[in-house]
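Quick caveat, the model's predicted, so the values are computed rather than measured. Heavy atoms only: backbone and side chains are in, while hydrogens, waters and symmetry mates are out. So you know, we letter chains A, B, ... as the sequences are listed, proteins then strands, and number each from 1.
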Amino acid sequence: MIGLSHYLLVGAALFGLGLFGLLTKRNLIAVLMSIELMLNSVNINLVAFSRFSATDAAAGQVFSLFIIAVAAAEVAVGLALAYAIYRGRDTVSVDEMNWLKW
Amino acid sequence: MNFDALMLEMAVALLALLILVADLLMEPGQSRRKLGYLAIAGLTGLLLVSLGRYGMQGAFFNGLFLQDDYALFFKQTFLIGAILVCLFSLDTVDNLPHSRAEFYVLLLFAVVGMMILASANDLITLYVGIELMTFSFFILVGYVLCETKSTEAAIKYLVLASAASAVMLYGMSLLFGIAGQLSYNALAKGLTASPALIVGGVMVLSGFAFKIAAPPFHMWAPDVYEGAPIPVTALLAMGSKAAGFAAMVRIFAEVFPGTGYPWPLLLLLLSGAAMLVGNLAAIPQTNLKRMLAYSSVAQAGYLLTGMLSGGFAGVKGVLFYLMIYVFANVGAFAVLTAVSRHRNGETIGDIAGLSRKAPVLAVVMTVSLLSMAGIPPLAGFVGKFFLFSSAIDAGYLWIAVLGFVLSMVSVYYYLNVVKSMYLGAPADDRPFEIAMPVRVTAVFAMAATLAMGVYPGPLSQLAETAAKTVFK
Amino acid sequence: MSFPVLSTILFAPIAGAAAITFLPTTAGSTIKKVSAASMGISFLLSLMVFFGYNWQTGGMQFVETLTWLPEMGASYSLGVDGLSAPMILLTALIGFAGVFASWRVDERPKEFFILFLLLVAGVAGTFVARDLFLFLLCYEVVVIPIYIMIILWGSSKRVTKEYAAMKLTIYLLLGSAFLLAGILMLYLNAYPAGARTFSMEALAKAASSGALSPEFQKFAFFFVMLGFGSLLSMWPFHSWSPDGYAGAPTAVSMVHAGVLKKIGGYGLIRIGLLMLPLGFKFWAPLIAAFGVANVAYAAFIALVQKDMKYVVGYSSVSHMGYVLIGIAAADVIGINGAVANMFAHGVMSALFFAMIGHIYHATHTRHIPDLGGLAHQMPRATVGFFLAGMASLGLPGLISFVPEFTIFVGSFKAFPLFAVLAIAGIILTALYVLRVLADVLFGPRRSEWDGVHDLHGADWVPLVVLGAFLIGFGFFPSLLMDVVNSGIEPLTPLLVKIKTAATLWGGL
Amino acid sequence: MENGGLMHTLAFFLLSGITLAAAMGVVFKRNLVHSAFLLSVTFLGVAGLYMTLQAEFMAAVQALVYSGAVAVLVVIGVMLTHRQQMSRSNPPNKMLLVGALAALSVVGAIVWAILATPWKVGKGSVVTAGDIGRRFLTDFAPPFEAVALLLLAALIGAVVLFKGGKAQS
């Protein structure tokens with residue numbers, strides 16, 4: 001039978017994939033996508049907890065809605081920045097951002 | 001809905017919207033300085049109003065939003081910081097290529113975020129407060145888009161801050177899983193010792209460590225400080241740190257103590273690492289913004305010692321120190337703004353000979369830096385006194401000794417700046433122009449640093465009253 | 001409340017400094033006059049304090065108390081006793097002489113005198129404070145002005161002035177870091193939360209009432225010893241001192257060697273002995289051993305120095321060894337001698353540095369082999385130099401004979417071996433002092449120094465005031481010793497009580 | 001979907017398989033456009049998982065906001081900023097091994113925490129959209145308003161940054 005732990009493990013795997021992408025991706029947009037994966041794993045956790053164990057179940061889903069809203073805004077700002085830097089440099093590779101030490 | 005509880009936050013938000021609307025009504029080419037004055041006047045008015053709000057205790061929105069002296073003290077810290085930053089950024093903003101009014105708007109949004117953080121009593125409010133502050137900073141950091149450095153710093157900040165948020169959120173989700181609720185009060189009751197608590201707690205702590213720039217999550221600070229426009233750096237240095245501590249102290253005072261794990265030990269490690277890394281890495285820096293960034297890492301370390309004892313004495317030290325850190329920081333960055341306007345650079349070579357060109361600014365810089373180092377009779381000394389004595393009192397003698405020794409080591413790199421200002425030859429012969437607001441801010445910050453060092457009584461009492469409200 | 005004498009001594013220089021900030025940079029002579037006036041007020045009042053101090057009744061006199069930080073237990077409270085009266089006189093005396101020794105500073109005089117006055121005020125504050133917090137505040141105030149003064153007006157010889165200044169600053173600050181930790185421990189352990197106080201009397205009472213365990217005292221005293229030891233240039237923490245003095249401008253060397261170092265000895269007695277008596281007793285043999293190392297090691301090094309300032313720098317390290325031995329003897333006579341010797345050494349080293357400063361100003365060299373026969377061209381400076389030299393080797397009839405003798409008498413009982421070694425050190429002192437005097441002042445006339453100026457105008461002031469004390473207290477030692485004794489004599493019960501307390505190496 | 005049945009089990013494994021496979025594609029694909037589309041698939045998979053958790057409202061929001069808005073935004077971003085060869089547009093950097101080790105150790109810690117913790121299963125309940133809406137307007141009113149400000153800030157920010165990017169070129 002499928003229980004809480006199954007969902008949590010899926011979340012953990014998603015989190016790990018996101019973290020791996022965050023650490024190893026060169027392209028800024030790819031890095032942003034990896035972060036989205038991590039945030040999704042958080043949401044899976046929250047919704048799973050609110051379904052299976054939470055005393056205040058609604059709070060978990062409210063939390064994940066907030067996270068979705070913020071994540072959407074984050075992508076918008078991140079892409080605007082990516083576009084800005086692309087206009088200046090013709091690249092969005094994180095590795096090539098060497099004005100400052102990474 | 002209780003509007004009174006949210007009064008300060010809403011007022012700042014309305015002020016921001018007012019500026020946004022006023023900007024639309026103004027001619028495109030017109031100077032936006034008036035809007036800056038409007039922001040300063042509005043914030044000052046609110047600061048005065050807030051002075052009368054001490055002693056108002058209460059939990060609103062089902063206990064998720066707290067109104068207490070602790071939150072109020074932090075809100076005043078943010079207001080003071082924002083007022084001073086606005087004041088010395090007037091000229092910087094005038095010279096922006098575009099979107100001048102939006103600068104103030106975003107700055108005010110950041111302040112709203114910090115204020116929410118100070119009052120947050122549940123994880124959602126905490127998260128949203130953090131994000132509102134951080135989002136405003138993403139944009140402010142990247143504000144000078146003609147400078148690739150600025151954009152790059154913004155991207156780094158965005159990526160790293162979002163990643164830190166994701167890690168923190170994951171930790172929060174585990175805490176939610178254990179306790180089943182999100183408010184601090186419920187968490188305090190519901191958190192039971194379990195592996196998930198360890199992992200979740202560490203992840204939440206990592207998120208905070210990022211906000212206060214404590215190692216190993218401090219790597220963003222030097223780059224972002226260097227890339228961002230100076231006023232933004234100033235606000236980031238004190239605001240992000242103060243807001244991070246505001247939320248962190250509350251969690252560590254209300255949620256974690258009952259869980260049976262030795263959380264202070266983690267804070268101890270974090271604090272020692274921050275002091276060591278910050279002070280040692282600051283030594284070879286030649287760019288003053290980077291130097292101040294590493295110095296702010298070290299300050300985070302000092303501040304963390306105040307949380308070790310888990311009592312109000314240490315928290316009082318944290319509050320006191322954050323307030324005076326605002327003044328020291330504003331002093332240093334205001335001087336740096338003037339230097340940067342003149343030389344278009346912020347290295348130790350650019351500041352050379354400042355004592356001949358602008359003796360007042362050189363004195364302000366010296367006083368601010370020495371206050372950060374904790375040399376009496378400046379305020380930083382009293383702050384460190386409170387922090388370290390609370391640590392010793394709680395039995396953590398060696399971290400205090402380390403703190404004392406490293407703050408004296410920090411004098412080395414601060415004095416290198418002083419040496420450059422007093423001994424170095426000026427790099428050019430052009431007359432040094434100081435805008436009036438910058439001069440006023442700098443002198444005011446220095447006077448405050450001196451006054452609170454010689455007579456810390458009122459501020460320390462205020463901090464003590466505020467700290468006591470967290471420990472009910 | 002009567003006229004606040006001590007506050008005036010403390011704030012006259014600060015007021016002077018504040019007045020100078022409003023003067024234009026170019027008003028060099030006005031700046032100097034303002035400095036001289038403000039230091040003059042301090043000096044006259046400190047004379048009044050010293051000679052007005054009633055040593056027959058003893059205890060704290062000229063007391064002033066204001067509430068300051070009640071929630072921390074700190075108050076603004078001043079007072080002098082037999083221990084601090086000589087020290088405050090010394091501070092004002094050297095500060096006053098220092099202003100005149102700097103009369104020829106023409107480069108950025110405004111900054112120079114502001115910093116100098118702040119420095120003197122800070123030092124004065126440490127000696128009149130009856131509150132440990134006030135003491136700490138004043139204690140660290142002094143370091144930063146010194147740093148800036150050395151880098152701006154100092155001179156680079158063997159090492160650059162930047163290096164010398166940084167070394168001095170970091171050594172002193174690191175020492176103060178340990179001191180701060182030690183004092184904080186003391187403050188936190190002496191009384192429970194809520195009743196905590198920085199009052200020196202109350203803290204001393206805590207120790208005698210048994211609130212501080214012997215283990216704690218040993219532990220805390222070690223920190224205090226590191227702090228005050230490095231300030232006093234106790235071996236092996238002494239190496240900042242010769243470099244620092246050599247790099248510093250004359251007035252700073254005078255104040256630093258003359259009074260600032262003495263804060264170390266003063267603190268060891270006032271804080272170390274009175275507040276942590278068992279810790280003091282425990283570490284006393286080590287302090288005495290370090291003291292002997294100071295005497296012997298620094299004297300040997302002084303023998304081979306070629307720069308006059310280094311000779312006097314090492315000589316001051318060496319003299320501090322006597323002070324350490326006297327204090328470590330933990331005996332009324334020894335401590336009497338140590339305190340009096342601090343005063344004596346302060347006066348003579350200040351005179352030394354003032355004269356060296358003058359000779360350097362006139363000849364532009366401090367290199368001993370380059371100099372010689374200056375008595376022909378500079379008879380007045382020679383008198384000063386000679387006086388200081390003779391005092392340094394302890395000639396009877398000058399200020400330091402009685403104090404040094406007292407130290408030996410006092411320490412012989414406690415540390416016979418160390419006392420003998422230290423006496424032997426006097427021979428080395430005589431050697432290096434006489435060598436410098438002979439090589440610099442005497443010998444054949446050298447024509448290259450024919451045109452140099454001797455002391456004139458303001459240069460007289462340091463020689464006259466410092467010389468007066470050198471001779472006056474030499475002929476009438478009781479003027480000094482009676483006051484000192486009135487401060488140390490009341491310690492007898494305490495000293496008797498710790499006589500049998502555990503020490504590091506048992507009896508040596 | 002009823003909890004515990006065979007359908008539920010099947011749906012869970014299918015959806016989590018899709019989700020994780022797509023997520024792996026997001027991370028390991030060398031072509032950024034492919035990654036972006038797979039990201040959309042991941043989001044839809046997660047929406048499906050929400051359905052199995054009886055969180056229909058969440059699933060709808062996930063599908064609309066994430067799969068709809070965010071994924072489309074990402075695709076637009078990719079298109080705007082990449083005009084060179086797409087096939088190697090998403091290369092890894094030199095930290096593959098370090099990154100893998102770090103990610104694995106974090107996941108290891110999390111998995112340990114998940115498996116070793118005795119979760120108090122049973123108290124949870126199904127949440128309706130009405131519950132959520134009520135909470136938004138009562139308890140969570142301050143963060144709700146703050147998020148509104150945040151979106152406004154993001155809007156302003158996007159405009160400012162876009163304008164800046166233009167001024168620069």
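- With sequence neighbours excluded, no residue satisfies ring-ring contact (aromatic ring centres under 6.0 Å, His included) with B:Tyr294.
- Checked by atom type and distance alone, the side chain of B:Lys289 never pairs as donor or acceptor with a backbone atom of B:Val224 at under 3.5 Å.
- Nearest heavy-atom pair across B:Phe208 and B:Ala247 is CE2-CB, 3.7 Å.
- Between chain B and the residues A:Ala80, A:Ser41, A:Gly60, the largest count of heavy-atom pairs under 4.5 Å involves A:Gly60.
- A donor-acceptor pair under 3.5 Å is absent between the side-chain atoms of B:Ser340 and the main chain of B:Ile230, judged by distance alone.
- Of the two parts of B:Gln181, the backbone and the side chain both hold a non-hydrogen atom closer than 4.5 Å to a non-hydrogen atom of chain A.
- Neither the backbone nor the side chain of A:Ala71 comes within less than 4.5 Å of any heavy atom of chain B.
- Most heavy-atom pairs under 4.5 Å with chain B, from the set A:Val42, A:Ile35, A:Val77: that is A:Val42.
- If you tally non-hydrogen atom pairs under 4.5 Å between each of B:Ala179, B:Ala186, B:Gly177 and chain A, the highest count goes to B:Gly177.
- Here B:Phe135 contributes atom CZ and B:Phe109 contributes atom CZ; the two are 13.0 Å apart, rounded to the nearest 0.5 Å.
- Proximity to chain B (any heavy atom under 4.5 Å) is restricted, for A:Leu8, to the backbone atoms N, CA, C and O.
- Residues passing the ring-ring contact (aromatic ring centres under 6.0 Å, His included) test with A:Phe20 are D:Phe28, sequence neighbours excluded.
- Both the backbone and the side chain of A:Ala73 have a heavy atom closer than 4.5 Å to some heavy atom of chain B.
- Heavy-atom distances place both the backbone and the side chain of A:Phe63 under 4.5 Å from chain B.
- Residue A:Leu46 touches chain B through both its backbone and its side chain, counting heavy-atom pairs closer than 4.5 Å.
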